[in-house]
Amino acid sequence: MSTLRVNTLQNAAGTGQPAMSGAAKAWVNFNGTGTVAIRASFNVTSITDNGTGDYTVNFTTALQDANYSGLVSCTAGSVEPRIGAPVIYTDASVRVETGFSAFTNADCDLINVAVFR
């Protein structure tokens, strides 16, 4: 049996990520209250706080286009349910909003974003 250990995978041309079906192209777990802070991530360089319940997740390596699936979940310290959704897709980032409904943004203590392509 062999063990494969790598720090970075690239496509054969060395110009970007390899085509891996079913694997997340980017994901992040971050604190969305107070000073926004990344707890853990893959292919995410930073989070931009655009205002209450409005964040941009910036990719380290841009995706080939904006035709990907973005998933968002969020949890607040209170018992009030919160929702999260991607609202603007680009190849370099995804903008997400969290809150009580589609009309009322609110910050969340724990936000998870995953991108699949």
Side-chain angles (χ1 to χ4, degrees):
M1 178 182 342
S2 298
T3 301
L4 177 65
R5 295 179 185 204
V6 298
N7 290 324
T8 304
L9 289 176
Q10 291 190 330
N11 60 23
T15 57
Q17 295 180 356
M20 296 174 60
S21 180
K25 297 299 182 186
W27 62 264
V28 65
N29 170 316
F30 69 97
N31 172 18
T33 60
T35 301
V36 175
I38 295 173
R39 292 185 183 97
S41 68
F42 168 72
N43 196 30
V44 172
T45 188
S46 63
I47 304 293
T48 304
D49 188 348
N50 303 309
T52 302
D54 185 354
Y55 314 92
T56 300
V57 176
N58 302 295
F59 305 139
T60 303
T61 301
L63 305 182
Q64 66 191 57
D65 55 37
N67 299 323
Y68 53 84
S69 174
L71 306 170
V72 181
S73 69
C74 64
T75 304
S78 67
V79 296
E80 300 175 36
R82 305 271 174 114
I83 62 169
V87 292
I88 300 174
Y89 298 81
T90 74
D91 64 336
S93 65
V94 62
R95 190 162 177 170
V96 301
E97 291 183 351
T98 61
F100 300 109
S101 70
F103 307 107
T104 308
N105 284 7
D107 291 337
C108 293
D109 302 323
L110 172 62
I111 301 172
N112 295 294
V113 178
V115 170
F116 296 89
R117 172 83 170 70

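- Although no hydrogens or angles enter the test, the distance criterion places a donor-acceptor pair under 3.5 Å between the side chain of Asn43 and the main chain of Thr61.
- Shown here for Asp91 and Ala66, the closest heavy-atom pair between the two residues is N-CB, 4.1 Å.
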Go through it in stages, so that I can follow the logic: the residues are Arg82 and Phe100, the test is side chain to side chain contact (heavy atoms under 4.5 Å, CB included), and I'd like the CA-CA distance, side-chain angles, deciding distance and then a yes or no.
CA-CA 5 Å; Arg82 305 271 174 114; Phe100 300 109; 3.2 Å; yes

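- For Tyr68 against Asp65, the heavy-atom pair with the smallest separation is CD2-O, 3.6 Å.
- Clustering ILVMFWY residues whenever any of their side-chain heavy atoms sit less than 4.5 angstrom apart, transitively, puts Leu110 in a cluster other than the one holding Val44.
- Checking side-chain atoms of Thr90 against main-chain N and O of Ala92 turns up a donor-acceptor pair under 3.5 Å.
- Counting only distance, with no hydrogens or angles, the side chain of Thr98 and the backbone of Ala106 share a donor-acceptor pair below 3.5 Å.
- In plain terms, the two heavy atoms of Gly53 and Asn105 that are nearest each other are O-ND2, 3.6 Å.
- Scanning all heavy atoms of the two residues, the minimum distance from Arg117 to Asn67 falls at CD-O, 2.9 Å.
- Side chain to side chain, Asn58 and Thr45 fail the donor-acceptor criterion of an N or O pair below 3.5 Å.
- In this structure, Cys74 and Ile111 approach most closely via the heavy-atom pair CB-CG1, 4.1 Å.
- Partners of Asp107 according to the salt bridge (Lys or Arg N to Asp or Glu O under 4.0 Å) rule, which considers only residues two or more places apart in sequence or in another chain, do not exist here.
- Side-chain contact check for Val94 versus Phe59: some heavy-atom pair is nearer than 4.5 Å.
- Atom OG1 of Thr75 sits about 7.0 Å away from atom CG of Asn112, to the nearest 0.5 Å.
- Taking both residues in full, the closest heavy atoms of Ser46 and Ile38 are given as CA-CD1, 3.9 Å, listed atom of the first, atom of the second, then distance.
- Not a single salt bridge (Lys or Arg N to Asp or Glu O under 4.0 Å) links Arg39 to another residue, sequence neighbours left out.
- Linking Ile, Leu, Val, Met, Phe, Trp and Tyr whenever their side-chain heavy atoms come within less than 4.5 Å puts Val57 and Tyr89 in one cluster.
- The main-chain N or O of Ala37 is never found under 3.5 Å from a side-chain atom of Asn31 such that the two would form a donor-acceptor pair.
- Here Ile88 is tied into one hydrophobic group with Val87, each link being a pair of ILVMFWY side chains closer than 4.5 Å.
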